2 protein chains.
Amino acid sequence: MNIGEIASRAGVSRSTVSYALSGKRSVSDATRKRIQDVIDELGYRPNAAARALKEGRTRTIGLVIPPASRRLTHMQLGFVASVVEAAARADLDVLLSPSGGDHDRSFERLLSGGRVDGAILMEIRLEDSRVRRLQGAKLPFVGIGHTARAHEMCWIDVDYATVISQCVHHLADLGHQRIALVNRSVELVAAGYGPGHRARDGFTAALAQRGIQGIDLECGDDAAAGLECATRLLRDHPEVTAIATINEAALPGIQRGLEEAGLAVPRDFSITGVVGRTWAEEFRPPLTAADVPAQDIGTQAMDLLLERIADPTTPFRNILLAPPVSLRGSTGPVRAG
Amino acid sequence: MNIGEIASRAGVSRSTVSYALSGKRSVSDATRKRIQDVIDELGYRPNAAARALKEGRTRTIGLVIPPASRRLTHMQLGFVASVVEAAARADLDVLLSPSGGDHDRSFERLLSGGRVDGAILMEIRLEDSRVRRLQGAKLPFVGIGHTARAHEMCWIDVDYATVISQCVHHLADLGHQRIALVNRSVELVAAGYGPGHRARDGFTAALAQRGIQGIDLECGDDAAAGLECATRLLRDHPEVTAIATINEAALPGIQRGLEEAGLAVPRDFSITGVVGRTWAEEFRPPLTAADVPAQDIGTQAMDLLLERIADPTTPFRNILLAPPVSLRGSTGPVRAG
DNA sequence: TTGTAAGCGTTATCAT
DNA sequence: ATGATAACGCTTACAA
């Protein structure tokens with residue numbers, strides 16, 4: 001079923017069918033109707049490859065997600081869902097590339113096979129070879145997250161420094177004097193994962209401002225690691241009365257650790273951090289946290305990308321979001337004594 | 001950067017470059033090396049659209065997921081992750097189509113634009129127009145889930161009837177005499193969502209076998225609905241001592257409902273059901289449940305699809321999985337009195 | 001208002 | 001062992 005078939009059945013030339021579909025040239029009502037009838041009957045739809053070849057664009061964008069082996073956090077899932085939704089609204093398809101490293105074949109295909117008109121990159125490191133490759137390939141792209149050199153690319157990101165700082169101030173206001181930061185995994189932070197570093201910076205700065213002490217810990221991205229981390233923390237630093245975290249995946253484990261130690265939240269211990277919005281509300285108890293509007297971020301990333309695809313020479317735009325801390329049930333005044 | 005450019009720089013014809021890459025014709029070592037050097041230097045990679053147009057296949061598969069607006073369950077996420085991973089292993093790209101209904105443009109494009117070589121369909125209804133459309137389009141596809149007519153398509157699915165039945169028997173063995181089934185949402189079940197219906201069937205059958213009573217409830221797919229559902233259940237049916245559920249997303253809310261009613265799990269109340277494996281382990285308390293091996297299912301679905309793409313005339317294969325109930329901490333003997 | 005034809009980048013069938 | 005060339009299905013500049 002191709003355009004030639006439609007054309008001959010409708011008794012017109014192929015170009016007339018093409019123009020009838022695109023509207024780029026006027027077609028008489030009679031022929032248009034004849035063509036449309038044939039199309040409806042046969043269920044014709046232009047071949048995407050032929051169109052892409054001719055037009056030089058694919059109407060597809062690439063979404064580069066962390067490798068499938070690593071489970072996505074709720075926040076990352078929110079990004080994926082909203083990017084996909086935004087793409088659908090713009091009649092674009094989304095090609096998923098689960099690639100972390102540099103030698104990933106799926107990423108290579110994205111890069112230089114002309115498969116996509118642009119890409120959205122997630123989980124960016126401070127130094128990220130994928131960013132350089134995308135720049136080299138002259139493929140328009142937008143980061144959800146950014147590298148150390150903020151102005152080398154277009155991105156939208158959460159201001160982890162500010163947001164963790166807000167968490168610390170909130171805890172300090174409640175009287176907490178010893179606070180722990182539970183960061184993402186050692187590997188990720190060591191690999192230069194931006195949010196991990198910025199969270200630590202914000203943590204340190206806020207502690208200094210308030211003149212209080214804190215300890216920062218890395219923690220694997222799952223519940224088991226969270227449990228282990230909380231247990232160790234309570235054992236080695238019994239003076240700590242509150243945790244701020246950017247590690248969503250560890251939270252269930254952290255809570256279990258507190259529970260096993262006989263600590264009730266928020267009576268004996270406070271927890272806060274930065275997590276995806278819907279998740280904060282579903283947590284038990286509902287989590288006092290900076291709610292990251294994953295939905296907005298995905299949508300805005302898509303807008304930025306569409307802008308770059310339309311005009312690759314526009315200056316890079318950078319959007320930094322610092323959602324305020326929403327008060328819910330997981331933080332409370334430090335326990336006397 | 002196209003094959004012609006490479007050819008002229010290497011001083012050979014385009015066909016020689018093509019053959020050097022594909023290996024479908026012997027090329028002298030000298031020229032192959034010359035060509036490879038140019039390719040390495042310029043970072044050439046065949047244009048996907050041109051290749052797809054010529055070869056009649058795209059090396060891409062479509063993954064039809066529930067609309068992005070609805071949040072995916074952990075189990076569904078497991079499917080997506082493992083399908084994407086399996087595709088990457090086979091050097092295939094994955095196009096994501098968030099479409100539930102029939103008139104979804106993204107689904108239309110998948111269907112008849114020649115964008116994909118095959119598709120994997122999730123969240124299938126007993127009567128599902130998408131299945132008919134795919135059949136009509138002669139596009140190879142595999143379902144994770146299946147319609148009422150099992151033999152009209154190729155699929156892999158969880159045997160919800162058996163698995164819920166196992167849960168009921170387990171609870172009955174523990175002495176529970178009044179058990180509730182918490183199903184997926186009213187809308188989904190009313191729309192003919194297979195797992196919802198089969199779970200209910202298995203529930204009813206097992207109750208009959210054990211000569212005990214149960215009530216079945218629909219519940220929205222989120223924590224808020226779970227809370228509401230549990231609250232209502234405890235109010236209207238205080239004799240109920242255990243829940244079996246296929247509604248992962250409602251579980252946190254259900255637990256909160258029990259907590260608010262002062263019921264401890266598993267001392268006062270038992271919970272079990274069918275959920276994704278990793279999630280069962282992270283639950284508090286760890287969930288006694290039939291652990292769905294989402295990883296395997298995605299991988300097997302991919303294998304089935306590759307088989308169908310390779311030979312669309314192979315008879316449909318149907319795989320039904322009934323993972324056994326794994327004992328963890330959320331079920332216990334019914335409380336005396 | 002409509003038709004003709006070139007060309008997008010590949011692969012594969014002829015030749016040589 | 002390699003080169004010339006047609007064809008895949010589409011869009012669009014040019015003709016009529």
Side-chain angles (χ1 to χ4, degrees), chain A residues 1-36 38-39 42-60 91 93 109 111-117 137-139, chain B residues 1-36 38-39 42-60 91 93 109 111-117 137-139:
Chain A
M1 190 55 43
N2 59 36
I3 201 172
E5 181 84 359
I6 304 296
S8 66
R9 296 218 195 194
V12 296
S13 73
R14 295 182 312 172
S15 58
T16 301
V17 176
S18 176
Y19 285 122
L21 255 59
S22 71
K24 292 187 180 171
R25 187 166 90 173
S26 62
V27 172
S28 77
D29 286 354
T31 36
R32 196 203 332 281
K33 170 153 181 22
R34 205 145 25 93
I35 291 170
Q36 194 57 54
V38 178
I39 287 178
L42 302 188
Y44 164 75
R45 192 168 294 272
N47 178 282
R51 175 184 277 196
L53 182 56
K54 177 63 189 171
E55 291 190 328
R57 65 183 179 129
T58 59
R59 298 163 193 263
T60 303
D91 278 330
D93 285 320
R109 290 195 296 266
L111 207 61
S112 49
R115 297 188 78 91
V116 298
D117 298 334
K138 305 228 184 295
L139 192 68
Chain B
M1 190 54 44
N2 59 33
I3 201 171
E5 181 84 358
I6 304 295
S8 65
R9 297 218 194 193
V12 295
S13 73
R14 293 178 308 170
S15 54
T16 302
V17 176
S18 177
Y19 284 119
L21 255 61
S22 70
K24 293 185 182 172
R25 186 165 90 174
S26 62
V27 173
S28 78
D29 286 352
T31 39
R32 198 206 329 282
K33 167 147 182 29
R34 203 144 29 91
I35 291 169
Q36 194 56 54
V38 178
I39 286 178
L42 302 187
Y44 164 76
R45 191 170 294 271
N47 178 282
R51 176 183 275 197
L53 180 56
K54 178 63 186 164
E55 292 192 328
R57 65 183 179 129
T58 59
R59 298 161 193 265
T60 304
D91 278 331
D93 285 319
R109 290 195 297 266
L111 206 61
S112 49
R115 297 189 76 93
V116 297
D117 298 333
K138 304 227 184 294
L139 192 68

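Every chain is numbered from 1 and lettered A, B, ... according to where its sequence line falls, protein lines coming before strand lines. This is a predicted model, so every value here is computed, not measured.
- Partners of A/A48 under the side-chain contact (heavy atoms from CB on, under 4.5 Å) rule, at least two apart in sequence or in another chain, are B/R115.
- Residues meeting the salt bridge (charged side-chain N to carboxylate O under 4.0 Å, His left out) test with B/D91, sequence neighbours left out: A/R105, A/R109.
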Report each atom pair, protein N/O against N/O of nucleotides 5-8 of chain C, whose distance is under 3.5 angstrom.
residue: C/dG7; atom: N2; partner: A/K54; partner atom: NZ; Å: 3.3

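- Distance OH (B/Y19) to P (C/dC14): 11 Å, rounded to an integer number of Å.
- For B/R45, the salt bridge (charged side-chain N to carboxylate O under 4.0 Å, His left out) test picks out A/E108, with sequence neighbours left out.
- Computed from C1' positions of five pairs at each end, the angle between the two local axes of the helix from C/dT1-D/dA16 to C/dT16-D/dA1 equals 40°, rounded to 10 degrees.
- For B/S28, the side-chain contact (heavy atoms from CB on, under 4.5 Å) partners are B/A30, B/T31, not counting sequence neighbours.
- Running 5' to 3' along DNA chain D, contacts with non-hydrogen atoms of chain B at under 4.0 Å begin and end at D/dA1 to D/dG9.
- Note on B/G11: only backbone sugar-phosphate atoms sit closer than 4.0 angstrom, heavy atoms only; bases stay farther off.
- Between B/L42 atom CG and C/dG9 atom P the separation is 15 Å, expressed in whole Å.
- Remark: A/R34 pairs with no residue by the salt bridge (charged side-chain N to carboxylate O under 4.0 Å, His left out) rule, at least two apart or across chains.
- The heavy-atom pair separating B/S112 from A/G43 by the smallest distance is CB-O, 4.2 Å.
- Within a heavy-atom distance below 4.0 Å of DNA chain C, the residues of residues 20-32 of chain B found are B/K24, B/R25.
- Here A/S15 pairs with A/S13 under the side chain to side chain donor-acceptor pair (under 3.5 Å) rule; sequence neighbours left out.
- Residue pairs meeting the salt bridge (Lys or Arg N to Asp or Glu O under 4.0 Å) criterion with at least one partner in residues 8-27 of chain B, sequence neighbours excluded, are B/E5-B/R9.
- A distance of 10.0 Å separates OG in B/S18 from CD1 in B/I35, rounded to the nearest 0.5 Å.
- We find the OG-CZ distance between B/S26 and B/R32 to be 8.5 Å, quoted to the nearest 0.5 Å.
- We find the CD1-CG distance between A/I3 and A/L21 to be 7.0 Å, quoted to the nearest 0.5 Å.
- Pairs engaging residues 46-57 of chain A under the side-chain hydrogen bond (donor to acceptor under 3.5 Å, both in side chains) rule: A/E55-A/R59 [sequence neighbours left out].
- One distance of note links OG1 of A/T58 with CG of A/D117; it measures 3.5 Å at 0.5 Å rounding.
- Of the two residues contacting DNA chain D, namely B/R34 and A/Y44, the nearest-nucleotide position lying further toward the 5' end is that of B/R34.
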